[in-house]
Amino acid sequence: MRLVLVGPPGAGKGTQAERLAERLDVPHISTGDLFRANLKQETPLGVEARRYMDAGELVPDMVTVGMVRDRLEAGDAAKGFILDGFPRNVIQAEALGELLVERGESIDAVVELQVPEDLLVERLLARGRTDDTEDVIRRRQQVYREETAPLLDHYRDRLVTIDAVGAVEEITDRVSDALRSR
Ligand code: AMP
C-alpha cells in the first residue's frame, strides 16, 4: 500500500500516519520529522531547512524531493509507505510521480483529513512545537491553502476524504474502512 496523507497543519496527519503505518505494516515517512532530525543533528540539510521551518514556509522543492528520494531508496519502502507532509505542492507531486514511475510504482490513495479551521489553531497551540507560535501557525495555514490544497484536485481520482474530528481511534477506523471499501 502506498498512501499519501494530506491535511492542514493540526489535522492529525502525524498521529494517523503513525497508526496506519502500524496497521498496514509499512514505514511512516514524514518530511517534517526528517527535517527536524536533520536540524537536531545540525546536518547541512538541517541548517538549510531551519529558516524556512521557523518562518512556516516550505523548504525548497529540490532539497525536499532529494531527501524523499533518498528515504524511498532505503529498503523498507519497497513494501509500501505512508507519506505524511509530502508532497506539499503540485511540483512535489509531479516529482514524486516521476520517482515512482522509475520504480514501477504509483500512489494507491490520497487521504485527506478534514478539520474545521478554528479547531486547527486550538490544537496547534496546545501542541507547543517551536514553530507553533501564532504568526507561524497562521502562515502555515495560508501556505496550505495556497500551495497544498490544489493537490486535492491533482489527486482527485484517488482521493479519500475523511472527517477528522473525533477520537484518534475512531478516525483511524474511518480511514481503514474507507480504504477497504474503495
Ligand atoms: P510538518 O511537520 O509536516 O508540519 O512540517 C514542518 C515544517 O517542515 C513545514 O512548515 C516546512 O517548513 C517543512 N516541510 C515539511 N514537509 C515539507 C515539504 N514537503 N516541502 C517543503 N517543506 C516541508
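Note that ligands are numbered from 1 as they come in the structure, with each ligand's atoms numbered from 1 the same way. The basis for the numbers below is simple: all heavy atoms, side chains too, and nothing from hydrogens, waters or symmetry mates. Numbering starts at 1 and runs along the sequence shown.
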Between the protein and ligand 1, which nitrogen or oxygen pairs come in under 3.5 Å, and how far apart is each?
{"residue": "ligand 1", "atom": "2 (O)", "partner": "Arg36", "partner atom": "NH1", "Å": "3.0"}
{"residue": "ligand 1", "atom": "2 (O)", "partner": "Arg36", "partner atom": "NH2", "Å": "2.9"}
{"residue": "ligand 1", "atom": "2 (O)", "partner": "Arg129", "partner atom": "NH1", "Å": "3.4"}
{"residue": "ligand 1", "atom": "3 (O)", "partner": "Arg88", "partner atom": "NH1", "Å": "2.9"}
{"residue": "ligand 1", "atom": "3 (O)", "partner": "Arg88", "partner atom": "NH2", "Å": "3.1"}
{"residue": "ligand 1", "atom": "4 (O)", "partner": "Arg88", "partner atom": "NH2", "Å": "3.3"}
{"residue": "ligand 1", "atom": "4 (O)", "partner": "Arg129", "partner atom": "NH2", "Å": "3.3"}
{"residue": "ligand 1", "atom": "5 (O)", "partner": "Arg88", "partner atom": "NH2", "Å": "3.3"}
{"residue": "ligand 1", "atom": "12 (O)", "partner": "Glu57", "partner atom": "O", "Å": "2.6"}
{"residue": "ligand 1", "atom": "16 (N)", "partner": "Thr31", "partner atom": "OG1", "Å": "2.8"}
{"residue": "ligand 1", "atom": "16 (N)", "partner": "Gly85", "partner atom": "O", "Å": "3.4"}
{"residue": "ligand 1", "atom": "16 (N)", "partner": "Arg88", "partner atom": "NH1", "Å": "3.2"}
{"residue": "ligand 1", "atom": "19 (N)", "partner": "Gly85", "partner atom": "O", "Å": "2.9"}
{"residue": "ligand 1", "atom": "19 (N)", "partner": "Gln92", "partner atom": "OE1", "Å": "3.0"}
{"residue": "ligand 1", "atom": "20 (N)", "partner": "Gln92", "partner atom": "NE2", "Å": "2.9"}
{"residue": "ligand 1", "atom": "22 (N)", "partner": "Val59", "partner atom": "N", "Å": "3.0"}

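- When atom types are taken as modelled, the side chain of Asp132 and the backbone of Arg127 share no donor-acceptor pair closer than 3.5 angstrom.
- Looking at Leu72, Val65, Asp70 one by one, the single match for side chain to side chain contact (heavy atoms under 4.5 Å, CB included) with Val68 turns out to be Leu72.
- There is a side-chain donor-acceptor pair under 3.5 Å between Gln142 and Arg139.
- Using modelled atom types and a 3.5 Å distance limit, the side chains of Thr172 and Arg19 yield a donor-acceptor pair.
- Residues satisfying the side chain to side chain donor-acceptor pair (under 3.5 Å) test with Glu170, not counting sequence neighbours, are Arg174.
- Glu57 places no side-chain N or O within donor-acceptor distance of the main-chain N or O of Arg51, the cut-off being under 3.5 Å.
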